[in-house]
Every structure is written in C-alpha cells, then in structure tokens.
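Proteins come first, then strands; the chains are lettered A, B, ... in the order of their sequence lines, and each starts at number 1.
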2 protein chains.
Amino acid sequence: MTDPKDVLGGVALWRRIADAIRLDIIGGKLASGDRLPTEAVLAERFSANRHTVRRALAVLADEGVVGAEQGRGTFVRSAKRLSYPIGKRTRFSENLAGQAQTLTSRHLSDRLENASAAVAQALGLKAGAKVVRVEGLSSADGRPLSRATTWLDYRKFPDFAARVVALHSTTAVFASYGIDDYVRASTRISARHADAEETQLLGLSAGAILLVSEAIDARLDGSPISYALSRFPAERMELVV
Amino acid sequence: MTDPKDVLGGVALWRRIADAIRLDIIGGKLASGDRLPTEAVLAERFSANRHTVRRALAVLADEGVVGAEQGRGTFVRSAKRLSYPIGKRTRFSENLAGQAQTLTSRHLSDRLENASAAVAQALGLKAGAKVVRVEGLSSADGRPLSRATTWLDYRKFPDFAARVVALHSTTAVFASYGIDDYVRASTRISARHADAEETQLLGLSAGAILLVSEAIDARLDGSPISYALSRFPAERMELVV
DNA sequence: ACTAGTTGTCTAGTTCATTAGACAAATCGA
DNA sequence: TCGATTTGTCTAATGAACTAGACAACTAGT
C-alpha cells in the first residue's frame, strides 16, 4: 500500500471490538455478572454494524468471557487476568501461587546448538559456543500461560535438560548444580503477534498478542546462568514489576 | 463464529508477515544493509502468495524499515528499537538520554474529574474523590514514543496541569511542590491493540500493538503521588526492568 | 550480448469482512 | 396479556484480502 490510505491496518474490526471489550472486563470496568451494553449501543460506540459487534461477542463467548441470553442481554462470565511479578527473585511457581489452583510445567523438547549472537551476549559466551536449548510450556488450571525457550552454557550445564525432566522445577535443577540462590539480572519486555506454533500451543485464536520477556538469571556475583525467552498471552497475563 | 474454525483470527496475513519480518530486523536476526530473502522464498516460508508478501514489504518500506531495489533485492534500511528502563527511579528524559537526539513532551489537555475505582485505589483515595487528569504525548527525534495519562490527587496538586505547561518536566513540577525525590512504587505491564485515537496520535498504522504500563510513583515513605497509564508502540520500544 | 535471478505491474477469481434491513424468539414489567 | 426491549437468524450487496498466473523491467555475472 504505497498511496491508498490503509485505514484498516490489517486488523479486522470485530477483533478490535472483541479486544476492547475483553480489556474492559479484565481491567475491572466490567465485573463478573455485569450486563454489557446492548448490541445496538455497542455498535454505535464502535461505529460498527450490529452484526460486527455480534461477531466480536461470539468470539468472547467462545473464550468463556461473556455469555448471551436471548431477551435478557449479554453478561460477563469470567474475569481477571493473572499477574506475573518480576523482581530480583523471580520464581515461576511461587509467583503464581494463590492465583491459580494447579500449576504445571511441561517439557516440550531440548537440543544442543551453537549460540546465536543474542544468546552468546546474554550468557557472556562467544558466538557459536555450544549451548543447551530447552523448550517448555507452563499452564495454570489447565490453561496455557507461557511458552518459554531457555538457553544455558553447555560446559556448565551439560545435562540440564535431563534434570529438568526429572526434577520439574527450575529452582530444583539449579540447586542440583549447587546453585542455591540466583537473581534476575535483567528483563526486557516487548509485545508482538503470536505466530502459528505459539497460537496452537497456547490455545489462542490466531492473531492474539503476546507479551515477550527476555530474562537473564545470574548468580549472586553477577555471572549469567540462563537466558530465557518467555511468551505470555496478553489477554491472560500481565507482568508486574 | 460458533462452529466454523476461524483460522484467520481477524489479523490479516500481510500484517502478520510484516510484523514477523520487522521483528527479525529489530531483534537483530537481520542487520542494517542485509538483503532479505527473495519474495518467492518469503512467500513459501509464510505459506502465502507472493503478492501478499509484497504488500507486507510495502508496509515496511513505508515505515522506512526496508527498501526494495528492482533486479537486486530488498534490503534492511533502519533497525533498532529504543529501550525504556523501568526501575526504582524512573525518569523519562534521563532514561532515554543517549538513545535519541531530541526528546520532547507535549501537553495535550487536562481536566478535573472524579476518580474511578482503579484510579482511587492507585492513589489511595476514596472512589469519586477529585483528581487532576493530564494527557500528554512524548516524542524522540520527531517520532511519537508514548501517550500517557496521569492522575493526581486534586487536594495535593491542584494546579499540577498549569505547572506542567510552565515547567515541561515532571521531575521539575514535583520539585516545585517540595518533592525532591520519589520512586516507582509499582509497574504493571500489559499489551493490546491501539485504538483509533492512539493510532492517530502515535502515528501508527491501525492495528498496531501497544505496550501498556500502569505506574504508581510514590514518596520515599510510600505514599502515592501519581498514577500514570502510558502506552508505547511495541514496534518502536521495549521496556527494560 | 546473453542469461539467470529479482522486483514491478497487470488481470482475474475466490473468500472474508462489513454493512443494511427485516423479522423471529425470548424476557420482563406494566 | 400486552408491549417494549433484547438477542437470534436470514438474505443481500459491497469492498478488502488473498491466490493464481503471466509478463515487463532491472541487475549482475559470464
């Protein structure tokens, strides 16, 4: 599109409406049990046709966020996004304790590879150095919460993947290497659309937005331990610093 | 859409392709001056038609990220996203110093209003209490970087808006109230699509993704000073904790 | 000069997104 | 019971998004 003004920007109206309403619910403007404005009112608010609003509501109903009742209205069903705290000591399971009943971490795959420039820099290695790469997926109450890729120095953690499978907890694995304490050295946060694989694994509708966190965990003396790239569905999670 | 599988998810293919390529460039997989894969190769990689890839590349060319040269290929022109550090002491102008030549903050509007539940809670007030609301827009090197809404207790900062207009810097305005030092009490980060107003003010193409930060600044004793809701274009900024 | 590889442009057809209007079906209060 | 309000379903028309194929224009190496 060089000359024609692309006002639509490639994101369908119904999706933007769905996102906006979901945000009102998650953000607390609409509480669980509240009745939404009528379809006609929403249509006017978003300058859209009632059918377009209905499509947005249908998506939210599919997600379980709202439910329509003929003759009565459309009501908020679920609510609340989980909060993921980021601080000096960031531990996955402790962080979300109390916000969900069951927390599971699934190991997807692992392999050896040569560090890319970004990975090498994060871990303080030379580009091309051997690193362990681990792919994982975490869920709370059966809903996927994060898709993470972790890299570690192969020389220091040669069998990291095997220990993750055996011990399940990252903290426990580090402890098994004699690392009793470690801290978050840096976290960089960005956002983008999910790709096809992420969409599928995280159980999202295509085009969903991800919060992307690039984190480096380090020993107390500052030497880097691991570099993790985690992707959180923005509709289910927020990060708290 | 209740039964039919909506694989498209309301985000156009050309936009997802553009986002993916932009991410490769920003993330460092493609450096400035590098040649992109040919349109045919990209089309195959994204399982799309060559025309669809061309549309994505046209958007990126419009943004100045890439440039096509007939017969030769398409090349990376610009790069790099700005980093916005978030920590105990978060000061807008200091944070971005060194990453851009000129930094400007524009005052858009201000008004008195009654605190919503969220604002009241953040500022430690009762819902409905009088608060000052200030709308602003910050830019670096002429490109808009953040759209911020700030709320403050009216009883403590009755003429905050006027002082912002006069002094330009938030830090200076706080100092004029006798607050020489203040810290970031909490920051919550989420992400969503930009709405129409944000798209226009930030100079984005519609459907762009925003990083949303809700920040509470407080005195050293912990009493809240201000509640700020800032929106950053995810394609231009990342947040660093 | 030729050739292979690459971007630029055109036409055509299919599916998706959005609008428009009409009416049915359910709910609720008067 | 009636009438107003609200969600559910159907048909139809328009424009955007995507695919498909063909060929022109330009570049670089032989």
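Going from atom NE2 of A:H51 over to atom C1' of C:dA20 covers 7 Å, rounded to whole Å. Rounded to whole Å, the distance from CG on A:N49 to C1' on C:dC16 is 15 Å. One interatomic measurement links the two molecules: CZ of A:R54 to C1' of C:dG21, which rounds to 15 Å at whole-angstrom precision.
Using a cut-off of 4.0 Å between Lys/Arg side-chain N and Asp/Glu carboxylate O, A:R16 and A:D19 are scored as not salt-bridged.
Between A:T74 and the phosphate of D:dT6, there is no side-chain N or O to OP1/OP2 separation shorter than 4.0 Å. Note on A:R50: every side-chain N or O is 4.0 Å or more away from OP1 and OP2 of D:dG8.
A:R188 meets the side chain to side chain contact (heavy atoms under 4.5 Å, CB included) test with A:E214, B:E238, B:V240; sequence neighbours excluded. Not counting sequence neighbours, the partners of B:S116 by the side chain to side chain contact (heavy atoms under 4.5 Å, CB included) test are B:A118, B:V119. Remark: B:E69 engages B:R72 in a side-chain hydrogen bond (donor to acceptor under 3.5 Å, both in side chains) (not counting sequence neighbours). Residues satisfying the salt bridge (charged side-chain N to carboxylate O under 4.0 Å, His left out) test with B:R231, not counting sequence neighbours, are B:E198.
The residue among A:E69 and B:G73 whose nearest nucleotide of DNA chain C lies closer to the 5′ end is B:G73.
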Below 3.5 Å between N/O atoms, which protein atoms pair up with nucleotides 28-30 of chain D? Just atom names and distances, please.
| unit_1 | atom_1 | unit_2 | atom_2 | d |
| --- | --- | --- | --- | --- |
| D:dA28 | OP1 | B:R72 | NE | 3.0 |

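Judged as a side chain to side chain donor-acceptor pair (under 3.5 Å), the pairs with a partner in residues 44-53 of chain B (not counting sequence neighbours) are, in order, B:E39-B:R50.
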